[in-house]
Enquirer: 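The structure follows.
None of these values were measured; they are calculated from a predicted model.
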Amino acid sequence: MAQETKDRIRKAAVEIISQEGFFNTRMQDIADQAGLAVGTIYNYFSSKDKVLAYIFKAEMKRRMEIMSELKEKKLSTKEFLKEFLNRHFSVLIENPHLGRVLVREKDFSRGEKSDQIKDHMNSLIKMLEKLFQAGVQKGEVKEINTHLMAVYFFGSMQGVIEYSLTQPEMQLLEEAPAFILERIDHIFN
């Protein structure tokens with residue numbers, strides 16, 4: 001029950017923050033969208049900064065779960081990246097509000113929560129770096145700066161999301177996985 005309520009709050013916050021922006025959103029707005037009393041929200045989150053941090057935590061957890069699931073499939077590095085991109089972008093096609101929050105609000109939370117958001121994002125970059133390192137070790141990927149490639153790959157994802165969801169040009173989200181892979185095809189053996 002508690003997890004269901006937190007998820008309900010998270011979903012409502014995503015919708016409101018996407019439309020109004022983080023600073024213009026009030027806890028009362030989130031409560032209204034969730035159909036809850038504002039006091040109920042404060043039982044779970046002491047501030048909207050904590051709500052935003054929870055949104056990022058939940059989404060980074062989802063990306064980590066996708067990566068773990070794909071690791072079990074024993075895919076090549078290129079197949080892994082293709083499947084990861086397809087799944088990542090399909091989530092955002094289904095929920096553009098989430099994409100807007102993830103790209104627009106990553107830098108706007110204050111203090112400790114901003115550091116938590118950056119930590120969540122950096123953990124995804126580190127997982128991508130490990131993937132590229134494993135690809136180099138298996139001979140599937142040429143000798144490259146794996147950290148820089150992970151940052152580039154992540155930045156490409158972020159850039160496409162930000163542009164396509166603010167313009168809006170949703171079809172770019174559908175085309176992005178193949179496009180991004182084509183741009184890095186030269187790194188594969």
Enquirer: Compute whether any side-chain donor of one residue and acceptor of the other, for Q3 and D7, lie under 3.5 angstrom apart.
Expert: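 Short answer, yes.
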Enquirer: Are any of the side-chain nitrogens in R8 or E4 under 4.0 Å away from the carboxylate oxygens of its partner?
Expert: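 Not counted as a salt bridge, because no side-chain N and carboxylate O are separated by less than 4.0 Å.
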Enquirer: Heavy atoms, side chains only, cut-off 4.5 Å: are E140 and N189 in contact?
Expert: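 Sidechains of N189 and E140: no contact.
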Enquirer: Would you please name every residue forming a side-chain contact (heavy atoms from CB on, under 4.5 Å) with L148, sequence neighbours left out?
Expert: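 Per chain and number, L148 pairs via side-chain contact (heavy atoms from CB on, under 4.5 Å) with N145.
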Enquirer: Going by an N to O cut-off under 4.0 Å, is there a salt bridge joining K73 and E79?
Expert: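 Here K73 does not pair with E79 in a salt bridge, since their nearest N and O are not under 4.0 Å apart.
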Enquirer: My understanding is that only residues two or more places apart in sequence, or in another chain, count here; which of them pass side-chain contact (heavy atoms from CB on, under 4.5 Å) with N86?
Expert: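 Counting only residues at least two positions away or on another chain, N86 forms a side-chain contact (heavy atoms from CB on, under 4.5 Å) with K82, P177.
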Enquirer: State, without any angle test, whether T25 and E20 hold a side-chain donor-acceptor pair at a distance under 3.5 Å.
Expert: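 Per modelled atom types, T25 and E20 side chains form no pair under 3.5 Å.
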Enquirer: Is L124 close to F153 at the side-chain level, that is, under 4.5 Å between some pair of heavy atoms?
Expert: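 With C-beta onward as the side chain, the pair stays apart.
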Enquirer: Evaluate salt bridge (charged side-chain N to carboxylate O under 4.0 Å, His left out) for K61 paired with E65, printing each intermediate quantity in order.
Expert: CA-CA 6 Å; K61 180 182 177 203; E65 288 169 353; 3.8 Å; yes
Enquirer: Do F179 and V160 come within less than 4.5 Å of each other through their side chains, counting heavy atoms only?
Expert: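 The answer is no, as the side chains (C-beta and beyond) never meet within the 4.5 Å cut-off.
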Enquirer: Hey, are the side chains of V51 and M27 touching, using non-hydrogen atoms and a 4.5 Å cut-off?
Expert: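 A side-chain contact exists here, since the closest heavy-atom pair is under 4.5 Å.
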Enquirer: Evaluate the side-chain contact (heavy atoms from CB on, under 4.5 Å) criterion for residues M67 and F84: first the C-alpha distance (whole Å), next the side-chain angles of each, then the deciding distance (0.1 Å), finally the verdict.
Expert: CA-CA 7 Å; M67 288 188 140; F84 177 75; 3.8 Å; yes
Enquirer: Evaluate the side-chain proximity of L173 to L165: yes if any heavy-atom separation is below 4.5 Å, no if none is.
Expert: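 The answer is yes; the side chains approach within 4.5 Å.
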